[in-house]
Amino acid sequence: MTGDACDPLLRVMALGEVRSEIESGRVGAAVRLETATFNGTIQAPLRYETPARLALRRALDSCRSGERPDDLEHLLSDHDLAAHLLEPHK
């Protein structure tokens, strides 16, 4: 992504043995996920669906599989981590 109009609103990079980078723009825009390892770089395929469509598809998949979604647990974990990281800045 280059240029002011295409710059992502959010760019997150996690570094370790595996480097993961996520870029996201405005609501409804494509999200780019790239993972790099010693063996090379893999870019996840782009999904061209709105967040509402993605939520519906995931809900239907959950109903079909009988598995309970764990989104809330992930959200709470992310919230706790963000609070911990921001604590020194209060």
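The first residue in the sequence is number 1, and the count goes up from there. Because the structure is predicted, anything quoted here is derived from the model rather than measured.
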- Not counting sequence neighbours, which residues clear side-chain contact (heavy atoms from CB on, under 4.5 Å) with L85? List them please. L81

- Query: Would you find more than 12 non-hydrogen atoms of other residues, nucleotides or ligands less than 6.0 Å from L54 atom CG?
  - Reply: yes

- Message: Tell me which pairs pass salt bridge (Lys or Arg N to Asp or Glu O under 4.0 Å) where either residue lies in residues 70-82, with sequence neighbours left out.
- Response: R58-D71, R68-E73

- Can you list the steps and then say if E34 with E23 is a side chain to side chain contact (heavy atoms under 4.5 Å, CB included)? CA-CA 9 Å; E34 187 174 280; E23 287 185 355; over 6 Å; no

- Query: Considering only heavy atoms from C-beta outward, does the side chain of E21 approach that of V12 to under 4.5 Å?
  - Reply: no

- Message: Contact between T35 and V18 at the side-chain level, heavy atoms closer than 4.5 Å - yes or no?
- Response: yes

- Query: Atom CD1 in I22, atom CZ in R11: separation rounded to 0.5 Å?
  - Reply: 12.0 Å

- Task: Supply the atom-to-atom distance H79 NE2 to S77 OG, rounded to the nearest 0.5 angstrom.
- Result: 11.5 Å

